[in-house]
Amino acid sequence: MKIICAGLSKTGTKSLAKALRLLGFVVHDIEEHLMWYMSEYIQALNGDTPDFTAMYSQVDAVTDAPALRFWKELSQAFPDAKVVLMERDSAEIWVQSLLSTNAAYRREMCSLKNKLVSALTSTGRKHNTLMGLIGRKIYPAQDKEGLVEIYLQHNARVKATIPRDKLLVYNVKQGWQPLCEFLGVPVPDVPFPRLNVKDEFIYHLFNSSVVAKRMLNELLALFVILVVLIAAIVAFLINI
C-alpha cells in the first residue's frame, strides 16, 4: 500500500481513484471493496479488524467507504504509505452532496429487481448488511448539523494524527499539480478526471457493476432452480 485516501465519500473519491489509475497505481475503490472484501469489512465494522496487510499486499491505493473508516489502522499496517485527505469547499457543500447520493441510493433500492436480489441472494444480503453498517458506523447522523460535525471531526482527526510530511490535504479541483508533487510522479498530459458529478455511480453500482451482475446471476440461478423444482413436482404429480 502506497496511498491511503482518507477523504469521506463525496469528497471526490471517484475522480481521485481514476486519477491514481491514470498515474499507474492499482486502486481499490468502493466497487472493489464490495467485489472482494465484503465479509472482511462486515467483520471490521463489527469491531474485529482484519489483516489489512494481507488484504492489500498487491494494492497501491484505497479510496472511499468502507476503507476510509480504517485510515488509521491502514496507516499502521502500511507505515510508509502516504495519506491523501480530500476535502470539499465547505462542510455544507459536502453534506448536500452526500444527501443527494443517499437519495439516489434509496431510489435504486426501491426497484423490484434490487429488492429481490437484496432479499433472495447471498451477495445481495451481504451487500445490504455492509451498506447498513457503513451508514451506522461512518455516517450515523441523519440531520445536516450532525453530518457537518462528522465531516469536521473526521478531517480534524486525520490532520492531528498523520505527520505533515506524509499528509496531503487536497481538493480535487486543484488538479494534477499538488497530487503529483506529493506522490513524486510526473504530471500526465491528460485532463484531471471529474466523475460521479450527478450520482451516476449509484446507477452503475446497482445495474452494471461486477457486484450487481453477480447478484443478478445468483437471482437468475435461483429462479432456474425454482422452475426445475416446479417442473419436477408437476411431472411427479401427473405420473401418480
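FYI, the numbering just counts along the sequence from 1.
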Quick check against the 3.5 Å criterion: does [X] have a side-chain atom that pairs as donor or acceptor with the backbone of [Y]?
X    : Y    : result
K10  : I93  : no
R21  : V27  : yes
S100 : Q96  : no
D51  : A54  : yes
S15  : L195 : yes
R88  : N171 : no
S97  : W94  : no
E40  : P50  : no
S75  : K72  : yes

Nearest 0.5 Å, please: how far is [atom2] in [Y] from [atom1] in [X]?
X    : Y    : atom1 : atom2 : result
E87  : K173 : CD    : NZ    : 13.0 Å
R107 : F206 : CZ    : CZ    : 11.5 Å
I138 : L8   : CD1   : CG    : 8.0 Å
W71  : R157 : CH2   : CZ    : 7.5 Å
L219 : S118 : CG    : OG    : 10.0 Å
M109 : K115 : CE    : NZ    : 9.0 Å

Count the heavy atoms belonging to other residues, nucleotides or ligands that lie under 6.0 Å from [atom1] of [X], then report whether that count exceeds 12.
X    : atom1 : value
K113 : NZ    : yes
Q142 : CD    : no
F25  : CZ    : yes
W176 : CH2   : yes
R125 : CZ    : yes
K159 : NZ    : yes

Qualifying residue for ring-ring contact (aromatic ring centres under 6.0 Å, His included) with H33, from F70, F52, Y41 | Y41

Determine, stepwise, if the pair K2 / D60 fulfils side chain to side chain contact (heavy atoms under 4.5 Å, CB included).
-> CA-CA 5 Å; K2 300 174 182 177; D60 295 322; 3.6 Å; yes

For side chain to side chain contact (heavy atoms under 4.5 Å, CB included), just list the numbers for W36 and H28, CA-CA rounded to whole Å, side-chain angles, deciding distance to a tenth of an Å, and then say yes or no.
-> CA-CA 10 Å; W36 302 113; H28 277 199; 4.0 Å; yes

Does [X] belong to the same Ile/Leu/Val/Met/Phe/Trp/Tyr cluster as [Y], with side-chain heavy atoms less than 4.5 Å apart forming each link?
X    : Y    : answer
V211 : Y105 : yes
L23  : F78  : no
I30  : M215 : yes
M131 : L133 : yes
M1   : M86  : no

What heavy-atom pair brings [X] and [Y] nearest, and what distance separates the two atoms?
X    : Y    : answer
A91  : L152 : CB-CD2, 4.2 Å
C5   : L68  : O-CB, 4.3 Å
G7   : T13  : O-CG2, 4.1 Å
A81  : I3   : CB-N, 4.3 Å
P193 : A19  : CG-N, 3.5 Å
T49  : E73  : CG2-CG, 4.4 Å

Side chain to side chain contact (heavy atoms under 4.5 Å, CB included) between L34 and T123, worked out | CA-CA 9 Å; L34 295 176; T123 299; over 6 Å; no

Report yes or no: do S9 and Y139 form a side-chain donor-acceptor pair below 3.5 Å?
-> yes

Do Q177 and E181 have side-chain N/O donor and acceptor atoms under 3.5 Å apart?
-> yes

With side chains defined as the heavy atoms from C-beta onward, is the minimum distance between [X] and [Y] less than 4.5 Å?
X    : Y    : answer
N102 : L98  : yes
L22  : P188 : no
P140 : I150 : yes
F192 : V172 : yes

Go through the steps for K126 and S39 under the test side chain to side chain donor-acceptor pair (under 3.5 Å), then give the verdict.
-> CA-CA 8 Å; K126 192 178 293 186; S39 295; 3.0 Å; yes

Ion pair check, [X] and [Y], cut-off under 4.0 Å:
X    : Y    : result
D64  : K14  : yes
K213 : E218 : no
E31  : K18  : no

Can you name the one residue among L168, L74, L167 that meets side chain to side chain contact (heavy atoms under 4.5 Å, CB included) with V83?
-> L167

Testing N155, I4, T11 for side chain to side chain contact (heavy atoms under 4.5 Å, CB included) with L85, which one passes?
-> N155

Check ring-ring contact (aromatic ring centres under 6.0 Å, His included) between Y170 and all other residues, then give those that pass, not counting sequence neighbours.
-> none

What do the steps show when you test E92 against K144 for side chain to side chain contact (heavy atoms under 4.5 Å, CB included), and what is the final call?
-> CA-CA 8 Å; E92 289 74 19; K144 293 181 180 180; over 6 Å; no

